[in-house]
Amino acid sequence: MTTETGTASGVQPEGPGTPGTPTTVVGPRGVPVLGNLPQFGKDPLAFFERLRARGDMVRWRFGPKPSLFLADPEHIGELMKETEGTFDQPELGIAFRTVMGNGVVVARGQDWRRKRSLVQPSVRPKQVRSYAATMAECAVELAERWSDGERIDIKREMAVLTQRIAVRTIFGADTGADAEAIGRAMDVAQREIGAEFSGIGALLPDWVPTRGRARIKRASAVIDAEVARVVAQHRQGDEERPDLLSRLLTAQDETGARLSDAEIRDETVTLYIGGHETTSSTLVWAWYLLAREPRVREALTAELERVLGDREPGFEDYARLTYAQWVVKETLRLYPTIWLLTGVAREGASIGGLPLVAGTRVWSSQWATHRDPRWFPEPEEFRPERWDPDGGDEIPEYAWFPFGGGPRVCLGARFAMVEAVLVLAVLARRFDLDVDPGEIRPVASLTLQPDREVLATVRAR
């Protein structure tokens, strides 16, 4: 094995090819057995940016596994469109599978198609409309607890808020689900999944015990117990409920079969993470960026005053709050909650006409692509106006993909966008948050999280 990643790259030997066929370049030097894992584990976001700087297709090694990094949106789109076709979902680590089980995010093939058909009706636009009032109500409750001059940790406040929204929309407001217990367990799970994925744990067999794996088992047990308790409460009641869990319990496939208890648990956790972890992170980064860019903050305030006046937002306002949508989209560009997507090549797979050896792991990174100056001029700038369809940037398809794409696009994308916009509208109409000076760095765990508390002073408008 060479110390370069080029020799056993997983890409078929290059020939003269045909005009327009992409070629690969050799990635950074690796080490025996581990390949580039130490560099990746030290700082995955910076590692992917370095790969992007080398070219649109870069060969590297994730441990002993041949890997190919993609930077061009056209190739990224191919990967996402062909997942479930010529690319498989990768085998994810034991930490991830312990928490997520075999839900729709993890499942493959016919199992995935069945689960997607059962879960999708719960998050269609009509259903999201019915959850919008809960999103706004929870944000109003938080706003009523804040006071001018109060010191807060935005990270904690947004986590508590989105936990409350997730519990009410998934479990129902009257279930008594312990949001704090689930939240604490999810925090542990997120940290351990990130630590295992970017460290030596990514190469260890499932049966090897580690302290991290023990912690995640304990956290998963808390999640399992809470979900089981709430499911039991739902099944004991006779009344019809409007929450997501009730819809999962009554969903039937084409044979009339329903989700098993284990499947209910897995999909409930998947929906919770999608409705809480991802939106919480997005809102934290949005407040951080707004505090650093007063011009954007004033433009957002002007829209809120024009569209809402002194009333609370509803679902119908989502379409009217175009600048708020741009703020959220630009936040997701700079700090994408999900920061990488991968697939594993099947026999006969190719990208851009370039054949791949079966088993090659193909990677794309929202973090790296979203900050590529070819697609986003002044990529480090927080500029929501770039999303203006009449005068913004010309952004290629799949240059921005915070929710993935293709057949496995995130089912909760609409839910997450509506939630973030409505929460921001409720709170930003009343308050500015003066975030303490100093840079907040992103940590690449299960989702992209701030590396520390995000402290701020509340200022009533």
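Computed from a prediction, not measured in an experiment: that's the story for all the values here.
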If you measure from the Lys or Arg side-chain nitrogens to the Asp or Glu carboxylate oxygens, is any gap between Asp393 and Arg386 under 4.0 Å?
yes
On a heavy-atom basis, which atom in Ala71 and which in Trp375 lie closest, and how many Å separate them?
O-NE1, 4.0 Å
Which heavy atom of Asp56 sits nearest a heavy atom of Arg374, and at what distance?
OD1-NH2, 2.9 Å
Give me the atom names and distance for the closest heavy-atom approach of Ile338 to Pro402.
CB-O, 4.1 Å
Report, as yes or no, whether the 6.0 Å neighbourhood of atom NZ on Lys329 holds more than 12 heavy atoms from other residues, nucleotides or ligands.
yes
To check you understand the geometry: which heavy-atom pair defines the closest contact between Leu334 and Arg371, and what is its length?
O-NH2, 2.7 Å
Going by distance alone, is a donor N or O of one side chain under 3.5 Å from an acceptor N or O of the other, for Ser67 and Trp363?
yes
Side chains of Glu157 and Trp146, donor plus acceptor under 3.5 Å:
yes
For Arg156, look at atom CZ and say whether over 12 heavy atoms of other residues, nucleotides or ligands are found less than 6.0 Å away.
no
Presence of salt bridge, Asp317 and Arg311, under 4.0 angstrom
yes
Angle between ring planes, Phe315 versus Tyr318, binned at 30° and 60°: parallel, tilted or perpendicular?
parallel
With a 4.5 Å cut-off on side-chain heavy atoms, are Tyr131 and Ile165 touching?
no
Within the supplied structure, the quantity of interest is the number of heavy atoms (other residues, nucleotides, ligands) at a distance under 6.0 Å from Glu394 CD; does it exceed 12?
no
In this structure, are over 12 heavy atoms from other groups packed under 6.0 Å from Arg211 atom CZ?
no
Given side chains that start at C-beta, do those of Tyr335 and Leu289 come closer than 4.5 Å, heavy atoms only?
yes
Distance only, no hydrogens: is a donor on one side chain within 3.5 Å (strictly under) of an acceptor on the other, for Glu82 and Thr86?
yes
Checking Ser117 against Arg113: is there a side-chain donor and acceptor pair closer than 3.5 Å?
no
Pairing of Glu84 and Arg108 as salt bridge, 4.0 angstrom limit:
no
Residues Asp111 and Lys115 bridged, charged N to O under 4.0 Å:
yes
Measure from NZ or CZ of Arg333 to the centre of the six-membered ring of Phe376 and say whether it is under 6.0 Å with the direction within 45° of the ring axis.
yes
Check Ala136 against Pro313 and note the closest heavy-atom contact, atom names and distance.
CB-O, 3.7 Å
Could you walk me through whether Phe48 and Trp367 pass the ring pair (Phe, Tyr, Trp, His ring centres under 6.0 Å) test, one step at a time?
CA-CA 8 Å; Phe48 281 134; Trp367 174 270; over 10 Å; no
Assess the side chains of Thr282 and Thr337: does a donor N or O sit below 3.5 Å from an acceptor N or O?
yes
Can you confirm whether Arg461 is buried at CZ, in the sense that more than 12 heavy atoms of other residues, nucleotides or ligands lie under 6.0 Å from that atom?
yes
Quick check on the 6.0 Å ring-centre criterion: do His370 and Phe401 meet it?
yes
If you measure only the distance, is there a donor-acceptor pair under 3.5 Å linking the side chains of Thr322 and Glu303?
yes
Check the pair Glu312 / Arg429 against salt bridge (Lys or Arg N to Asp or Glu O under 4.0 Å), numbers first and verdict last.
CA-CA 9 Å; Glu312 306 301 345; Arg429 189 170 69 82; 3.1 Å; yes
Heavy-atom neighbours of Glu347 CD exceed 12 at 6.0 Å:
no
Heavy-atom closest pair (Arg213 atom, Val208 atom, distance to 0.1 Å) is NH1-O, 2.7 Å
